[in-house]
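This report concerns only the one structure given below.
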Number of protein chains: 2
Amino acid sequence: LTSRFDEHFRMNEQDVIQYVKEKLDIFEGEAALECREIGDGNINYIFRVSDPGTGRSVIVKHADVTLRSNANSRLTTDRSRIEAEALRIEGDLAPGMVPELYLYDPVMCCLCMEDLSDHANMRYALVEHRTFPMFAEHITDFLVNTLVRTSDIAMNPLERRQLSQRFVNPLCRITEDLVYTDPYTNKTGQNVVFPPIRDFVQEVLYDDVRLRLEAAKLKKAFLSNNQALIHGDLHTGSILVKADSTKAIDPEFAFFGPMGYDIGNVVGNLCFAWANGFVTIEEPLKRASFLRWVEETIVEVVDLFSAKFRTVALRNVHDVMFRTDGFLDWYLANVLADTAGVSGLEMHRRTVGDAKVRSLTSIQDEAKRALAEKIVIASGKEFIMGRENYLAGVAYVRTIKKVAEEYTHGSSG
Amino acid sequence: LTSRFDEHFRMNEQDVIQYVKEKLDIFEGEAALECREIGDGNINYIFRVSDPGTGRSVIVKHADVTLRSNANSRLTTDRSRIEAEALRIEGDLAPGMVPELYLYDPVMCCLCMEDLSDHANMRYALVEHRTFPMFAEHITDFLVNTLVRTSDIAMNPLERRQLSQRFVNPLCRITEDLVYTDPYTNKTGQNVVFPPIRDFVQEVLYDDVRLRLEAAKLKKAFLSNNQALIHGDLHTGSILVKADSTKAIDPEFAFFGPMGYDIGNVVGNLCFAWANGFVTIEEPLKRASFLRWVEETIVEVVDLFSAKFRTVALRNVHDVMFRTDGFLDWYLANVLADTAGVSGLEMHRRTVGDAKVRSLTSIQDEAKRALAEKIVIASGKEFIMGRENYLAGVAYVRTIKKVAEEYTHGSSG
């Protein structure tokens with residue numbers, strides 16, 4: 001009764017076919033399965049296994065003990081457990097908004113999940129200027145339900161502390177360095193700055209001690225405000241979309257941290273799409289239509305989150321003290337300030353850091369890319385420095401439009 | 001090779017004599033030991049074992065599976081483990097400021113510790129108006145070293161998160177209810193209000209929604225700001241003193257929470273001593289001398305903490321972002337605001353809650369006790385409502401003297 005899969009090894013496509021037949025009930029024993037490795041990250045192996053006969057398919061996400069890109073760089077496979085536990089909790093709290101998890105196998109470090117190949121990855125879709133009118137409605141459902149219902153508002157404090165033990169996540173280190181440190185210090189020399197904006201980055205980011213102080217305050221919150229179980233990496237590359245569906249994937253960075261980290265990631269990434277559309281779309285009607293959708297979506301992400309926060313928080317608040325008049329408003333105002341701060345951090349780290357976004361790197365024209373990156377960096381700085389004032393979505397749109405106006409005239413005139 | 005002590009049972013004095021002979025190297029095998037149960041709480045059994053021949057002695061703190069006061073009320077014995085781990089960490093970080101731990105036995109749920117019978121319990125000493133000129137210097141050493149060095153300033157973030165897993169403490173529930181809820185809601189009916197101040201408490205505590213809102217904000221921080229490994233119950237009953245030594249005992253409530261919780265407990269309890277001296281000491285010179293010592297001690301606890309915080313934080317800060325100009329000042333200002341808030345909470349819960357302090361209950365004259373309790377409650381409220389302004393120790397003294405003046409004239413004239 002022993003199996004090849006009783007001890008961890010790195011599987012290839014043929015291994016994965018045998019694996020899913022042995023472990024899952026989805027495929028017939030005699031089915032001629034197809035398997036393809038489709039991962040494009042440098043950490044995990046992602047296999048899509050399908051049965052052309054029945055049309056059934058499954059995704060197998062498989063973790064090895066080293067990075068794909070570097071066999072000497074060891075990485076804890078415990079990230080698979082964290083991802084599996086986060087997916088189950090998110091799926092319970094926000095049904096239909098994450099891939100269904102069929103199996104988590106702690107030995108082979110595998111997650112077997114619903115195949116969502118009918119969805120587009122939002123990072124790529126936005127570069128193509130596709131729009132998703134239901135996105136704000138969907139993502140705020142995901143955010144509110146996963147965040148509020150794992151927060152100190154809704155959960156029993158001891159159960160929350162016990163649950164948070166399961167999410168002590170070594171991957172936080174990556175965020176602490178790449179998001180909360182490098183963009184303001186360039187100490188490690190890991191930053192990769194687009195050459196035409198080097199002086200700008202030096203002045204606006206590295207040399208501004210007031211900005212560094214505000215980023216340090218936000219870092220402190222990331223380190224010790226265990227407010228809710230957050231996704232921890234909710235950029236548009238972790239979001240799959242189609243017209244009537246939105247799915248959040250890859251919660252390997254999940255841990256108990258500030259709610260604003262997730263919301264701010266969504267808002268910041270929408271700002272990349274705006275800057276991209278602003279500088280690249282030539283045709284006026286197409287440009288106006290795409291920018292308007294991005295602007296409306298930013299407004300709705302913030303404002304629908306706020307509206308739903310009030311409803312879900314009121315429905316779930318268990319603590320008599322937290323039902324005091326004014327408490328939930330104060331709580332929400334803090335979450336929104338964190339959101340603005342994190343939006344800005346994300347906008348900075350994706351321009352000057354090592355991990356770029358296609359919305360910016362895909363801009364071929366050097367002057368246009370420089371303009372887009374300056375808009376992103378300067379807007380992000382305003383979000384951080386004035387974060388207490390970003391209580392409504394429209395404030396973000398006002399800032400980015402104002403900054404874009406300034407830099408367009410500044411660079412063209 | 002089996003022992004009676006391989007399975008937990010509740011020990012009596014004879015059992016404890018056999019236990020320490022078997023487990024510790026302190027006593028000779030033939031020594032005629034004396035053992036006395038000296039606990040006065042309703043949770044644990046505290047035995048003092050001594051050898052009249054050598055003068056050696058030891059304290060054995062033994063946890064049973066039920067409360068002393070109620071055999072039907074089960075309590076996790078894991079509190080012994082938490083206390084042992086906290087004592088070890090505190091002893092490492094603040095040498096000489098906690099009892100030395102000779103043995104922690106997870107089976108018998110016993111801590112065998114240094115006997116500190118040469119020290120006085122500070123709660124009782126303050127009722128006798130004894131003064132301890134070194135206390136502020138000592139306790140701020142304890143506070144700064146245990147708090148700053150387990151904080152996000154000094155520790156590696158992942159190691160900190162891993163360590164915090166060992167301090168998921170069910171006893172937090174008691175604090176959440178007794179400190180952060182009951183004084184403002186009286187919902188459970190557990191409050192015990194001194195009859196002459198019932199109307200005052202109704203108006204000043206229960207009916208003030210603005211106060212309840214501020215207490216709710218502080219409660220949120222207690223639930224989710226895992227800033228440092230705090231003692232969690234640092235009232236004067238957990239402090240042993242003599243002229244040249246101060247020891248913090250009983251860290252069963254230890255967990256990762258806001259630094260201000262510990263500092264605020266110390267300051268709040270000093271305010272009880274002040275109010276007691278203010279209303280009970282007849283002889284003018286004695287009165288002035290005791291009040292002056294309490295006032296200086298309050299000032300020094302806050303100001304020495306701040307000064308030492310800067311030194312210890314600067315010496316231990318590992319994160320380049322946290323070395324930004326202004327960051328540690330901002331961090332300290334937040335700790336001091338929490339401190340003022342918690343001082344006020346402690347002052348409220350010890351007057352209207354079930355767990356009283358002798359500084360107030362020992363006042364025989366009804367009018368004097370009422371005056372002292374009003375001074376404590378009204379000052380505590382000012383600390384909470386204006387907590388951002390208590391950046392220097394003198395601010396506390398100004399408030400309590402001003403409030404005392406108001407209520408003395410109000411009640412006498």
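Bear in mind that the values here come from a model prediction, so they are computed numbers and not experimental data. Just so it is clear: chains get the letters A, B, ... in the order the sequence lines come, proteins before strands, and each one is counted from 1.
- Smallest separation of non-hydrogen atoms from Leu213(B) and Gly326(A): CD1-C, 3.7 Å.
- Not counting sequence neighbours, Phe167(A) has no partner by the ring pair (Phe, Tyr, Trp, His ring centres under 6.0 Å) test.
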Using only distance, no hydrogens or angles, which N or O donor-acceptor pairs sit under 3.5 Å between chain A and chain B?
residue: Asp152(A); atom: OD2; partner: Ser224(B); partner atom: OG; Å: 2.8
residue: Arg161(A); atom: NH1; partner: Glu176(B); partner atom: OE2; Å: 2.9
residue: Arg161(A); atom: NH2; partner: Phe222(B); partner atom: O; Å: 3.2
residue: Gln165(A); atom: O; partner: Gln165(B); partner atom: NE2; Å: 2.8
residue: Gln165(A); atom: NE2; partner: Gln165(B); partner atom: O; Å: 2.8
residue: Glu176(A); atom: OE2; partner: Arg161(B); partner atom: NH1; Å: 3.0
residue: Lys219(A); atom: NZ; partner: Asp319(B); partner atom: OD1; Å: 3.2
residue: Lys219(A); atom: NZ; partner: Asp319(B); partner atom: OD2; Å: 2.6
residue: Phe222(A); atom: O; partner: Arg161(B); partner atom: NH2; Å: 3.2
residue: Ser224(A); atom: O; partner: Asn226(B); partner atom: N; Å: 3.0
residue: Ser224(A); atom: OG; partner: Asp152(B); partner atom: OD2; Å: 2.8
residue: Asn226(A); atom: N; partner: Ser224(B); partner atom: O; Å: 3.0
residue: Asp319(A); atom: OD1; partner: Lys219(B); partner atom: NZ; Å: 3.2
residue: Asp319(A); atom: OD2; partner: Lys219(B); partner atom: NZ; Å: 2.6

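- Between Ala216(A) and Met321(B), the closest heavy-atom pair is CB-O, 3.3 Å.
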